[in-house]
Amino acid sequence: MLPFIRSDLAQFTAYKPHPSSHTAEPVATQFDRLDTNESPYDLPPELKEKLAWTYQQVIETNRYPDGGHEQLKDAIAEYVNESANLSSSRFTAANISVGNGSDELIRSLLIATCLRGEGSILVANPTFSMYGILAQTLGIGVVTVGRNETNFEINIEAAQAAISQTQNPPIRVVFVVHPNSPTANLLTAAELAWLRTLPEEILVVIDEAYFEFSQNTLVSELAQRPNWIILRTFSKAFRLAALRVGYCIAHPEAIAILEKVRLPYNLPSFSLAAALLALQNRQLLLSSILQTQNERDRLIAALAQYPTLQVAESAANFLYVRLRQSNSDTKNLTLQSLHQQLRSSGTLVRLLSEGLRITIGTTEENSRTLERLKAAMENYKF
Ligand SMILES: *Cc1c(COP(=O)(O)O)cnc(C)c1O
């Protein structure tokens, strides 16, 4: 251990990007990468050409990027209003902050709320792991509660108890995903009712990374809830995971704080240009959503044929698949071997402690997933 490093970082396990692609075992060379919930579609060639033109003709690489993101924030505000059927003046650039992926915004939110021992965070597992990981890197405490096994609803009683009992520091932020990853469900009515009761000194972060697939948003409620912030990203439906652009929608006072905390030139000019181009061409880019939703239904129906698999409904571009088995030891082994079999035959999916998360890919990829899963199921004679 390096003696100048904070002692709490010694035991720290970092986020593993593409956890399934690093392995010494022999695997198929060309993977169907269905483990990180990206869009299976690259940008269409005509948009790549436009972007290349912008890079060649407009972007001066010797100049710093637009550090205020004004043009992009205007375009985002317009899209946000449209996405919730709100009047075009409802949200403006003053309600938007842009980050180098939503990950950066999550970190900025933690810096702005919990540092200096002023707060801990609350998450309900399983959920997006970055909230806890980023909090730990900042020495911020993470309180976890569980979920209902059937509908994945947060254990509200436990969450409420955690809020009453956690002191020095108290819980300052509650992170929820709408729809949740990996369980793919939207916030339930009871969860929403509970979130509405949280006092103003607790920030509620609602991560709508998968909004375009669910078409269910809470932005219209932001006006009544000054302690709510909504996060979204260009990494999923907008096909820009490589370029790292996320944004948040909030009350202008909260935005002003985030703008103070962020690094001055947090987004490269190329990423800013790409996000703007994606928004200008949103009809074209988002036209693939219906296809993904149809494929999602097809996969759910096909997986429902296996009595040992338990496939949850999904409001996102991925499925959460569990095993109907009571013994947790054999369940874990079976999950691991299913994951391994899929990987050896060329499909990467995400292995979690209670299930597999499978991203909806192209029609061809999904058909291969079904074939490979069928073979794996026959091998293991479930
Ligand atoms: C994929 C994902 C994001 C996106 O993060 P970026 O840093 O914008 O790529 C955010 N939240 C959740 C829950 C996600 O699954």
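Ligands are counted one by one from 1 in listed order, and the atoms in each one are counted from 1 as well. Start at 1 with the first residue, then count along the sequence.
Close approach of ligand 1 to Gly101 is summarised as follows: ligand atoms under 4.0 Å from at least one heavy atom of the residue are 6 (P), 7 (O), 8 (O). Taking a cut-off of under 4.0 Å to the non-hydrogen atoms of Arg244, the atoms of ligand 1 that pass are 6 (P), 7 (O), 9 (O). The ligand atoms of ligand 1 that sit less than 4.0 angstrom from a heavy atom of Tyr210 are 1 (C), 14 (C), 15 (O). For ligand 1, the atoms lying closer than 4.0 Å to a non-hydrogen atom of Ala209 are 2 (C), 3 (C), 10 (C), 11 (N), 12 (C), 14 (C).
Contact between Asn37 and ligand 1 is absent, with no heavy atom of the residue lying under 4.0 Å from the ligand.
For Phe234, no heavy-atom contact with ligand 1 is shorter than 4.0 Å. Using a 4.0 Å cut-off between heavy atoms, Ser235 contacts ligand 1 through its side chain alone, with no backbone atom that close. Here Val177 has side-chain heavy atoms under 4.0 Å from ligand 1, and that is the only part of it that gets that close.
Under the 3.5 Å distance criterion, the side-chain polar atoms of Gln291 are left unmatched by any main-chain donor or acceptor of Ser288. Checked by atom type and distance alone, the side chain of Asn155 never pairs as donor or acceptor with a backbone atom of Gly146 at under 3.5 Å.
Between the side chains of Glu104 and Asn266, a donor-acceptor pair is found at a separation under 3.5 Å. One side chain, Gln340 or Ser344, offers a donor N or O that lies under 3.5 Å from an acceptor on the other.
Using a cut-off of 4.0 Å between Lys/Arg side-chain N and Asp/Glu carboxylate O, Glu371 and Arg368 are scored as not salt-bridged.
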### Task
Starting from the C-alpha separation in whole Å, work towards a yes-or-no answer on ring pair (Phe, Tyr, Trp, His ring centres under 6.0 Å) for Tyr247 and Tyr79.
CA-CA 12 Å; Tyr247 61 97; Tyr79 169 64; 7.1 Å; no

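Asn185 has its side chain out of reach of Tyr320: every pair of non-hydrogen atoms, C-beta onward, lies at least 4.5 Å apart.
Close N/O approach between Ser102 and ligand 1 is found [any backbone or side-chain N/O within under 3.5 Å].
For the atom pair CD1 (Ile229) and CG (Leu203), the distance works out to 4.5 Å, reported to the nearest 0.5 Å.
When Asp207, Thr233, Val245, Leu240 are checked for heavy-atom proximity to atom 10 (C) of ligand 1, Asp207 turns out nearest. For atom 14 (C) of ligand 1, the nearest non-hydrogen atom from the set Arg232, Lys236, Arg357, Met130 comes from Lys236.
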